[in-house]
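Notes follow the structure.
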Amino acid sequence: MSAALLDTTLSTSILETVKVILPYTANGNPMPAAIAHHVVVRLSAALKLASLMEQELAIHRADEAGVSIRAFLSREMKAALDDATGDNIVKVDFEGGRKK
């Protein structure tokens, strides 16, 4: 026996809200207060979900940008040290290898 999965995607939340609102958009049908409250609750939940998705995306983008910045800075530091030290000093491999 398997339990039904709850679909909590943003698009599904919006679609379900549209289905609730749609009957009240034709012929000037008034929306009862209870239905309006339900719609506001669903839209608030969709707003929170969208906000969390945006935060997660921002974190992933910042993480990817951080990796590329760290790699760039590592290469630049290594190049600067290679130029400044010559061959007489032990060089550190900033790429994670062994000391030379």
L22 vs T25, side chain to side chain contact (heavy atoms under 4.5 Å, CB included): CA-CA, chis, key distance, verdict: CA-CA 5 Å; L22 198 56; T25 60; 3.8 Å; yes

Pairwise side-chain contact, [X] with [Y], heavy-atom cut-off 4.5 Å (strictly under):
{"X": "R42", "Y": "I14", "answer": "no"}
{"X": "S74", "Y": "K78", "answer": "no"}
{"X": "T12", "Y": "E16", "answer": "yes"}

Check L49 against T9 and note the closest heavy-atom contact, atom names and distance.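 So the minimum-distance heavy-atom pair works out to CD2-C, 3.7 Å.
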
P30 to Y24 - nearest heavy-atom pair and separation: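 Looking at all heavy atoms of both residues, the shortest contact is O-CD2, 3.3 Å.
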
Salt-bridge test for E64 and R61: reply yes if a basic N is under 4.0 Å from a carboxylate O, no otherwise.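 Here E64 does not pair with R61 in a salt bridge, since their nearest N and O are not under 4.0 Å apart.
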
Does V41 share a hydrophobic cluster with L43, counting links as ILVMFWY side-chain heavy atoms below 4.5 Å and allowing steps through other members?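 Different clusters.
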
Find out if a path of hydrophobic residues (ILVMFWY) with successive side-chain heavy-atom gaps under 4.5 Å connects L10 to V18.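 Hydrophobic grouping puts L10 with V18.
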
Once rounded to the nearest 0.5 Å, what's the spacing between atom NE2 of H38 and atom CE of M31? 10.0 Å

